[in-house]
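These numbers come from a predicted model, not from an experiment. A, B, ... follow the sequence lines: proteins, then strands. Residue 1 opens every chain.
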Amino acid sequence: MEGKPNRSNAAIGNKTSFSKKTSKRVWDSIAAYTVQCERCSKWRFIPTKEKYEEIRERLAEQPFFCETAREWRSDLSCNDEPDVIQDGNWRWAIDKPSIPQPPPGWQRILRIRAKGGTKFADVYYVTPSSKRLRSMTEVQSYLIEHPEYPCLTASQFSFQIPSPLEENYVRKRHARSITLHGDTTMRVNPTSWVGTLLHMLRIQLKVEVCEGSSAC
DNA sequence: GCCACCGGTGGC
DNA sequence: GCCACCGGTGGC
């Protein structure tokens with residue numbers, strides 16, 4: 001989590017929101033959102049998912065500085081200690097930049113999968129009528145079938161998922177061992193891709209760990 | 001029966 | 001190797 005220049009990162013507590021029409025609970029498995037200051041490289045918590053989505057959408061054109069956080073922390077500056085220090089209690093993931101904010105009334109939900117699976121996370125959109133859309137194909141079909149959203153296009157949706165900082169969180173497809181005669185050993189091919197992503201991406205999510213933590 | 005979660009795979 | 005998509009299924 002040491003600061004590299006020109007990156008930004010953000011965080012939210014495990015968030016439960018409610019569909020207005022159905023009061024159905026929708027869970028986001030993200031514990032916190034943080035953005036990195038472009039100037040001092042310190043990571044700053046972002047108070048809400050909505051604010052984080054707003055910052056993330058514009059980050060390429062509108063860099064984040066500690067002063068930006070004065071909207072919710074009036075006295076914050078680059079002289080203050082970083083909000084985030086790396087410890088063993090959290091998992092982190094690098095988010096993708098320039099993801100559009102979900103349309104008004106819609107939710108973009110990120111669900112983190114368990115460690116050792118074939119995929120780190122799933123993104124889905126919840127429509128104002130609480131329908132869950134899992135892919136761009138489903139979004140396009142939905143928009144065609146629902147002309148009440150004439151202004152929405154597929155370009156306003158993104159199913160990109162963050163990348164975990166923890167190496168080997170996701171089982172590598174080509175490193176899978178073939179299970180024979182009850183041998184369930186899993187081999188994972190180590191790579192250095194995390195370092196590469198750190199230089200390319202600008203946003204991180206803090207993912208809550210629920211492995212025996214009393215906080216869970 | 002529904003749905004959240006997960007795995008598999010085709011395409012790039 | 002990564003991503004997008006979607007089918008299967010276990011838990012409710």
Side-chain angles (χ1 to χ4, degrees), chain A residues 12-31 49 53 56-57 60 91-100 102-103 105-146 152-180 182-205 207-213 216:
Chain A
I12 294 185
N14 231 17
K15 189 175 178 68
T16 307
S17 54
F18 293 83
S19 162
K20 287 178 181 174
K21 284 193 175 178
T22 65
S23 296
K24 183 179 179 180
R25 286 196 302 181
V26 179
W27 291 85
D28 222 347
S29 58
I30 304 303
K49 178 184 179 183
E53 289 175 331
R56 177 179 59 189
E57 180 181 49
R91 288 196 168 113
W92 292 88
I94 308 285
D95 204 1
K96 302 294 191 297
S98 304
I99 293 175
W106 294 59
Q107 293 181 77
R108 184 180 189 271
I109 303 297
L110 177 63
R111 297 286 295 148
I112 306 300
R113 293 190 178 190
K115 185 178 179 180
T118 59
K119 195 179 169 188
F120 176 60
D122 295 291
V123 169
Y124 61 89
Y125 283 85
V126 180
T127 73
S129 58
S130 297
K131 181 171 173 56
R132 187 168 123 145
L133 306 177
R134 300 189 299 161
S135 67
M136 202 61 88
T137 307
E138 291 185 5
V139 166
Q140 288 169 332
S141 299
Y142 184 87
L143 293 179
I144 290 171
E145 293 163 7
H146 292 78
L152 295 188
T153 65
S155 66
Q156 292 168 268
F157 298 82
S158 169
F159 289 88
Q160 288 187 291
I161 62 172
S163 301
L165 282 188
E166 183 180 347
E167 204 170 359
N168 302 332
Y169 187 96
V170 176
R171 190 200 324 159
K172 298 289 187 288
R173 181 181 174 186
H174 296 298
R176 279 198 306 268
S177 66
I178 299 172
T179 301
L180 292 172
D183 175 12
T184 56
T185 303
M186 195 157 62
R187 292 191 295 270
V188 180
N189 184 29
T191 68
S192 59
W193 60 271
V194 167
T196 302
L197 285 176
L198 274 170
H199 287 88
M200 295 175 63
L201 301 174
R202 302 167 66 89
I203 307 173
Q204 292 188 320
L205 303 174
V207 182
E208 189 162 15
V209 170
C210 293
E211 294 177 350
S213 164
C216 302

**OP:** Return each pair, listed once, that meets salt bridge (Lys or Arg N to Asp or Glu O under 4.0 Å) where at least one residue sits in residues 125-134 of chain A; pairs must be two or more places apart or across chains.
**Re:** A:R134-A:E138

Subject >> Qualifying salt bridge (Lys or Arg N to Asp or Glu O under 4.0 Å) pairs with a residue from residues 117-129 of chain A, counting only residues at least two apart or across chains >> reply: A:R113-A:D122, A:K119-A:D122

**OP:** Report yes if some heavy atom in the side chain of A:D95 is under 4.5 Å from a heavy atom in the side chain of A:R56; otherwise report no.
**Re:** yes

Original post:
Hey, does A:W106 have a side-chain heavy atom less than 4.5 Å from the side chain of A:L152?
Top reply: yes

Original post:
Looking only at heavy atoms, what is the nearest atom pair of A:L143 and A:A154, with distance?
Top reply: CD1-N, 4.2 Å

Subject >> Taking every non-hydrogen atom, the tightest pair across A:P162 and A:F120 >> reply: O-CD2, 3.3 Å

Subject >> Residues which pass ring-ring contact (aromatic ring centres under 6.0 Å, His included) with A:F159, listed by chain and number, not counting sequence neighbours >> reply: A:Y125

**OP:** With rounding to the nearest 0.5 Å, note down the distance linking OG1 in A:T153 to CD in A:Q156.
**Re:** 4.5 Å

**OP:** Answer yes or no: does a side-chain N or O of A:R132 lie under 4.0 Å from OP1 or OP2 of B:dC3?
**Re:** no

What is the distance, rounded to the nearest whole Å, between atom [atom1] of [X] and atom [atom2] of [N]?
X	N	atom1	atom2	result
A:I161	B:dC5	CD1	C1'	14 Å
A:L133	B:dC3	CG	C1'	14 Å
A:E167	C:dG1	CD	C1'	14 Å

Original post:
Just how large is the angle between the end axes of the helix from B:dG1-C:dC12 to B:dC12-C:dG1, five pairs per end, to 10 degrees?
Top reply: 10°

Are there any protein N/O atoms within less than 3.5 Å of an N/O atom in nucleotides 6-10 of chain C, and if so, which ones and at what distance?
unit_1 : atom_1 : unit_2 : atom_2 : d
C:dC6  : OP2    : A:S135 : OG     : 3.2
C:dG7  : N7     : A:R134 : NH2    : 3.3
C:dG7  : O6     : A:R134 : NH1    : 2.5

